[in-house]
Structures are given as C-alpha cells and as structure tokens.
Amino acid sequence: MAKSKDNQINGSVVNLTIPFEHLRRKDVALVGGKNASLGEMIGNLAAEGISVPPGYATTSQAYWQYVEHNGIQDKIASLIAEWKSGQARLDDTGHAIRDLFLRGSWPSNIADEIVKGYHTIEHQTGIQGLSVAVRSSATAEDLPDASFAGQQESYLNISGVDALLHACKSCYASLFTDRAIGYRQAKGFDHLRIALSIGIQRMVRSDASCSGIMFSIDTETGFDKIVLINASWGLGENIVQGMVNPDEYRVFKPLLHMDKFEPIIEKKRGDKSRKLIYGNGNAPTRNVPTSKAEQAAFTLSDSEVLQFSRWACTIEKHYECPMDIEWAKDGLTNELFIVQARPETVHSSRDMCGEFKTYEVTDKGRVLTTGLAIGDAAVSGQLCLIEGKHDLEKFVTGSVLVAKVTDPDWVPFMKRAVAIITDLGGRTSHAAIVSRELGLPAVVGTGDATYTLHSGQNVTVSCAEGDRGIVYEGTSRIVTRTLDVNSLPPVNTKIMINLANPGAAYRWWRLPVDGIGLARMEFVISNAIRIHPMALAYFDQLKDSKAKSEIAKLTSEYKHKPDYFVEHLSRGFAALCSTVYPKPAILRLSDFKTNEYSDLIGGSEFEPVEENPMLGFRGASRYYSPHYKEGFALECRAIKRLREKMGFTNAIVMVPFCRTVYEAEDVLKVMAQNGLVRGGNGLQVYVMGEIPSNVILAAQFARHFDGFSIGSNDLTQLTLGVDRDSAELGDLFNEQDEAVKWMIERVIRVAHENGCKVGICGQAPSDHPEFAAFLVNCGIDSVSVSPDSYIPVRKVIAGVQKMR
C-alpha cells in the first residue's frame, strides 16, 4: 500500500497496512500469528497448489497510532488500575475500555490505508462492494510465548468502506473483552504492551457450501500419521464455537502421495443442525436450521477430503510441526481454500516417546449418555449442570461440568472441573480444545446431556474405551497404569499385539510393536456394522419388518445395501492397519458362532439353531457354504478394498477353524473367486493352528498357507476334551499341559521345515513366564498379546533369551 507523509515516526517510514503476500512467519510481532501465517502460506505454498484468499493486515504501528490519536492509553491504565484495586468490576471495566475504542475516530492516514487495501482487493477480484472477513490477530512483541487464541473477535460478511472501518474498530475494542483482560491478568501480561493487528481477507462463500477445521495429527492420541477433518455447512464460526455436531473424517497420511489410493479410514456423519449464512440486511450473518437433506448428507466428497488432507501434509511439512488449520469451500465456484493455519500446541509440546498412562474402567453402571471422547482418561465425580453463562458462578469446584456448549468466557470455570460434558460440538469445538489443553476428559456432542443428566448425580466419565466417550451412572472402579517405552530390552522374538476395536487402536501407536498378530473381524462387525451380512445381501427378501426398518435407517445413504458392510468393515480394518503400517496386521476372517450371528440385526433369518455352536457351523466351513457364500463375498470385497483401493497392503488374511486340508483348498478357491488370490499383490494367507488336525497335518496345511497362528485356547480345549467355559472343569483346562505343549512344539517345527512362520495369540506368555520360555525355546517367530501386556511380556522374553 502507498505510504503518506503521515506514516512516519521520527522520520522513519511506518507500515500501517501490509498485503498478505509480503508477510512471513517472522512478522508475528508486527501483524500477529494469524496474519503472519497467511502471508507465509501465500508466499511459500501457492506454488504447491494451496489456495489462500487474498487480503492484507493492519500493523501494530497502526494500533498504537489509533491509541495515541484518541488519547486512550492513560485512560486504559486508569481503568485497569481501578479494577485491580477492587474499585470496579471486570465487566464494567471491559465495557468502559471497549467504549473508548468504539467512540474513537480514525486518523486519516490509517483510514486511507485500510480503504486503499480494500479497493485493491476489489480490483484483484473484480467484485465491487466485496464481502470480506475482518479478523483480530493479537501481537506480543516482548512476550513470544503469549497465546491469545479465542480471546478476540472476528466479523464476517463485511461489505463497504463504512462497515469495514466500524468492524476494524470493533476488532481493536475486542482486545479488551472481559475474557481477554482476565486471561492476560492471570498470565501476568501487561495490558498496555499488547497490540492488535487486523486481517482483512476476501470472504469465501462457504455460507453456500461448507467449512471446517483440520489437524495434521490425531487430536486425542497424538498419532502423527492421521489428518483429522471436521466439517459443517455454512460459515465456520459454528464449528469453531462448538454449536454443531460436525461430520468427521480421518485420513492416513503415508498413503496420500499415491494417487491410486484413497486412504480415508473413517467417515462419521454429524447432525449439523444449523448453519451460519449471510444476513438479510439487519446483520451480516445469521443462523438458520439445516434441511433434513443437509443433515443426512456428508459435507465433503471423498476427493475433497483427500485434497484437503494433502494440503494439510504440505503445510505441516513446510512448518515442520503438526498444524491446526481452518478451511472453507466456496459454494459459488466450488473452490477449496485454506483460511488459517497455526501450529498445534497440545501434543506438539508433549514427550511422545516416554511414559504414557492407560485407564481401565470396571464395575460400570448404566450408560447415561455417549458422545465423542476427548482425551483418553477416565474420572468419577458429581455432576454440576450449568444452563448458561448467568449460572457460571454456581459451578462447584471439583465437579463434572455439564453444559449445552462452552465458549472462552467459561474457561476459568472449566479449569475447576474434573471432566466436561456438552450437548453440542465436535473434536475441534471450544469445549474439546480447552479440555485437551487442560488435560481433562470430556464427552462432547452427546445431543442430550443437559436433558438426561442432573446436578448432584454421581457419574463416571470414560474416554478410555476408544473414540466414543461414555457417561456411566455411579462411581466405577478406575485402574490407571503407566507404561514406559523407554529403554526396553532388545528381543529376537517378534512381539505383536491383539487389537479389535478400531476406535481405540490409536491409543497404542507409541508402543514399538512388530505388528498386529490378531485383529478380530467379528468385533468390527458387531460394533461398527451390527447387521448380518446376509441380511444386507437379501435385504429386499427380509421377512422381519422390524429388522428391515432398522437396516434401512442404518444404511440410508447406500443405494446398494451390501456396500454399507464393505465400506464400514474396510475402514474399521484400515484404522487397525494404520497404527502399525507398514508392519504386518493379521486380520482374521469372521469367526462368529451361529448363536452370535443370530444376534446381529436380521441374523435370525439366516442362522440354524445348534446344540453346540462352538463345534458347529463356524470359521472356514461357512466361507464356501451356499448358506453364507454371499456374506463371505462381502468380507472378501472389504479386504480387497482395504488393500487395493485404500492401500493397506500390510494386511494379512487369516482363516480360522479350518478343519481339513480339503477345506483349506475350498476356502482359497472361493477367496480367489472374490478377488483375493494368495500371492497376488503380495497377499499372504495364514491359518489358525487351533485344531489337532492342523498340527497332525501341518506339512499339508503349510502347502496352502504362508503361516500359522496358534490359538492356544481352542487347541487346549480340543486336545484335552475340556470345555474352556466350564466352571466344573476349570482345573483341567491348562495350556501348559504336556499334550498341548507337544502339539505346539510340533506345529512350530513342521511349519518351519516347510517355510512357514508361526505365531501365538493369547495371554499365556504374559501370565506364565515359564510358558514364554517354552515358546522361545521352540523357536516361535512371534507372540501376540494385549497392548497393556506388551511391556511385561517383552521383559519376560528378554529374560528368557538372556538365559539361553
């Protein structure tokens, strides 16, 4: 922008406004973090294809000139002094200071610069009366560690010179909101040394489309291979403030650079009950309800999710740290934009390689409500329901805070809580962000917490069971363990973990495991899908009207019902595979018993009633049977999609309960017919070694499979003829019985003779060090245990190897 003679201090030229493209990260003291970051991206990442709307910033010099021109400095000092001495209330002090800014007049040189900048953007865009966003960007030249996130105001859809100048005044005034004054006082900052820059940027017409926030790291676990995206209809303020439950996407970063893959490993649709759009003349913006069609639809296409995720990776690479990024989609042009980027602060400041805690909740009461889990802790406490800001003083320190939604004014009270529960909001809402920073477990976006819960109730807030946060009635037992992954002893035997719940998989990414030794398909089906696959394949022929209605509701977005099963199963497995990629993840095909299959929605129409389901129609026998072949085809389609479309070629398939060699041949034939060819695209196929026939004919089985995974529970049961669930025969069920150990030693030896790997899944190695010693001495290739047993098992195996 042009500089007039008035833009001088002691003969030196002063920049009052600077176009974004001339700003860089080093200019934080001049234009604040927000504006410096916009300039950094425009100047360095435009060549990478990242689009940032044009704009400019007023500088800290402009702020100080405004303060001096209106004689505000001494008045602010006096008002602050009265408040600090107890002669005035905070709200009165804040109002009086803000009024000084709003009643002030613009120095002509600053006003001219702001107007010239506005006309420049009009000229660049070819739009007269251009609508702009006017955002505050606090500066703290002598306080580099200051953080003013959420303290100042932003104004959207500002059009015309008069409205722009008024919005800029309002930004200056917002430097002295009550919450901003309180924040600076608590942090020990000098109120008279903080300046404010204003960012004036072309509006993206997301009011006609959608907007949101993304992180280049998993916000709850710090897993650094994930991009998390939250999205909602309309302008972005609702999602930032937590006023809506947004759509949520997770994308696996290491596979994004390969165009042939689409590594979207999670898609959750939020209700998105309202949207912020342009106003009707009385106000620049207004909130309106969304239509049922908007609530039922995803805000972003898969290609847009992937594009934003690639941009997140590019921005993260440039800044060399995890990033917190705001984005918007223009509904008139369908263009995608980045409108803000700042370093992520919560996980970036933590030690990712040392100790971490795990929480286990037992003695659970009735589930009262559920939502998104923020953090991974659990805590019990008494509820304190706060209806609104007017009730905040009633909050009881040490309680569980329950509210519809929170904003920056609530922070002092959130600090006094042991946990937080809200009706509204996603992972990027105010309640989620503050809870994360404070280290408090929070359950957000419940939809009904303020309706179903009441003050004085004793509850347990659990965020320790995956990505779903649960509020239990009463005081549960909470067991806390500290795992230290530093200085673990070296071992030759590979140690893998058993995982089933995709929602909890990211909790364990810091363990230096050798892969996943067992991922149970049935857990994903029963929790994430819930529908019998045959009921999806034969949806139109279903006789159970109740089941049919429930299936129709769950699969409403799918024209072809079986696609629901394929997408949800492949994404569930992708979440598991991602935590260990590129190390192997062994995915066991479905091993429900018929009575368990019957419990799935629509399952009773397709399952026989058996006297002994444990030894009945289960495992491999189902896959080639005419009674389940369409269901098995969906399992194969899901794994094919996982490996070939999503890119998780580290997935290994395992066949359970394969009774005969002929059955093995039939299963591999059916798999090939459904696109899963052993050896094709590097696909390995393992078999569970859990039936005596697997051991007796190990050499023949080895011709058809790449590895064995010993299922010691079933192998013990069938070797000794003992029902593992029988209380009367409990003393006879012993995995270390000589007959069982003979079976295990033989299958390891014969498998190795035939070029096959052998592993074992189960707790026995961690519960019995002598059993671990036996396995190691037999030369087993890998041991797979529950995640919380990983460290003790590794120590046991290291001790065994040291003694050999």
Side-chain angles (χ1 to χ4, degrees), residues 358 481 483-485 488-500 505 508-520 576-577 579-580 583-588 650-652 654 656 684 686-690 694-695 698 702 705-717 719 724 733-737 740-752 755-804:
T358 66
R481 298 183 180 90
L483 302 181
D484 185 359
V485 299
L488 288 174
V491 291
N492 297 323
T493 304
K494 292 186 181 300
I495 305 177
M496 308 170 87
I497 56 174
N498 303 329
L499 285 180
W508 307 106
W509 71 273
R510 285 173 286 181
L511 288 177
V513 302
D514 293 302
I516 295 174
L518 174 62
R520 297 178 175 89
L576 299 173
C577 290
T579 60
V580 297
K583 296 174 183 176
I586 302 173
L587 315 180
R588 191 175 71 183
N650 62 324
I652 295 173
M654 183 158 66
Q684 295 184 58
Y686 283 22
V687 65
M688 288 289 292
E690 55 190 343
N694 302 145
V695 179
F705 296 102
D706 300 288
F708 290 79
S709 181
I710 299 169
S712 56
N713 279 341
D714 272 350
L715 186 60
T716 301
Q717 175 176 244
T719 299
R724 69 187 190 189
F733 188 88
N734 179 13
E735 291 169 298
Q736 297 193 73
D737 186 273
V740 179
K741 290 170 71 174
W742 183 90
M743 288 280 190
I744 292 173
E745 186 279 330
R746 174 180 167 80
V747 75
I748 293 173
R749 174 172 52 81
V750 175
H752 285 170
C756 279
K757 297 177 181 178
V758 185
I760 189 170
C761 307
Q763 283 298 106
S766 58
D767 296 338
H768 306 288
E770 67 276 16
F771 190 59
F774 163 72
L775 294 170
V776 172
N777 290 329
C778 287
I780 199 162
D781 296 289
S782 66
V783 171
S784 189
V785 297
S786 62
D788 56 354
S789 298
Y790 172 84
I791 290 176
V793 168
R794 181 160 174 161
K795 291 179 178 178
V796 166
I797 290 177
V800 170
Q801 292 180 168
K802 190 174 182 180
M803 294 173 61
R804 291 179 70 186

Quick check for you: to the nearest 0.5 Å, what is the distance between Asn777 atom CG and Glu770 atom CD?
12.5 Å
My understanding is that only residues two or more places apart in sequence, or in another chain, count here; which of them pass side-chain contact (heavy atoms from CB on, under 4.5 Å) with Pro490?
none
Using side-chain heavy atoms (C-beta onward) and a distance below 4.5 Å, is Ser712 in contact with Ile760?
yes
Closest heavy-atom contact between Tyr686 and Phe708?
CD2-N, 4.4 Å
Do you know which two heavy atoms are closest between Asn650 and Cys577, and how far apart they sit?
ND2-O, 3.4 Å
Count the heavy atoms belonging to other residues, nucleotides or ligands that lie under 6.0 Å from NZ of Lys795, then report whether that count exceeds 12.
no
If we ignore hydrogens and angles and just use 3.5 Å, is the side chain of Gln684 paired with the main-chain N or O of Met654 as donor and acceptor?
no
Which residues satisfy the side chain to side chain donor-acceptor pair (under 3.5 Å) test with Glu690, sequence neighbours excluded?
none
Is any side-chain heavy atom of Val491 closer than 4.5 Å to a side-chain heavy atom of Gln801?
yes
If you measure from OG1 on Thr719 to CG on Asn734, what distance do you get to the nearest 0.5 Å?
12.0 Å
Shortest non-hydrogen contact between Val513 and Ile497, atoms and distance
CG1-CG2, 3.7 Å
Geometric cation-pi criterion Lys741 and Phe774, 6.0 Å radius, 45° cone
yes
In chain order, what residues pass the side-chain contact (heavy atoms from CB on, under 4.5 Å) check against Ala505, with sequence neighbours excluded?
Leu499, Leu576, Thr579
When every non-hydrogen atom of Cys761 is compared with those of Leu518, the smallest separation belongs to SG-CB, 3.7 Å
With distance as the sole criterion, is a donor-acceptor pair present between the side chains of Ser784 and Asn498 under 3.5 Å?
yes
Does Lys757 use its side chain to pair, donor to acceptor, with the backbone of Asp781 at less than 3.5 Å?
no
For the student: nearest non-hydrogen atoms of Met688 and Gly711, plus distance
CE-CA, 3.8 Å
Apply the test side chain to side chain contact (heavy atoms under 4.5 Å, CB included) to residues Ile516 and Ile586: give CA-CA distance (whole Å), side-chain angles for both, the deciding distance (0.1 Å), then the verdict.
CA-CA 6 Å; Ile516 295 174; Ile586 302 173; 5.9 Å; no
Among residues at least two apart in sequence or on other chains, which ones pass side chain to side chain donor-acceptor pair (under 3.5 Å) with Asp714?
Arg618, Gln717, Arg724
Nearest-0.5 Å distance that lies between atom NE2 in His752 and atom CD1 in Ile780
8.0 Å
I'd like to check the side-chain contact (heavy atoms from CB on, under 4.5 Å) partners of Thr716; sequence neighbours left out, ordered by chain and number.
Leu720, Phe733, Glu735, Val740
Ile748 CD1 to Cys756 SG distance, which is reported to the nearest 0.5 Å
13.0 Å
For residues Met496 and Gly517, report the shortest heavy-atom separation together with the two atoms involved.
CB-N, 3.6 Å
Mind checking what makes side-chain contact (heavy atoms from CB on, under 4.5 Å) contact with Val695, not counting sequence neighbours?
Leu715, Met743, Arg746, Val747
Contacts of Asp706 that satisfy side chain to side chain donor-acceptor pair (under 3.5 Å) - sequence neighbours left out
Arg678
Measure the CG-OG1 distance between Leu775 and Thr493 for me, rounded to the nearest 0.5 Å.
8.5 Å
Ile652 vs Leu587, side chain to side chain contact (heavy atoms under 4.5 Å, CB included): CA-CA, chis, key distance, verdict
CA-CA 6 Å; Ile652 295 173; Leu587 315 180; over 6 Å; no
Set of residues satisfying side chain to side chain donor-acceptor pair (under 3.5 Å) with respect to Tyr790, sequence neighbours excluded:
Arg794
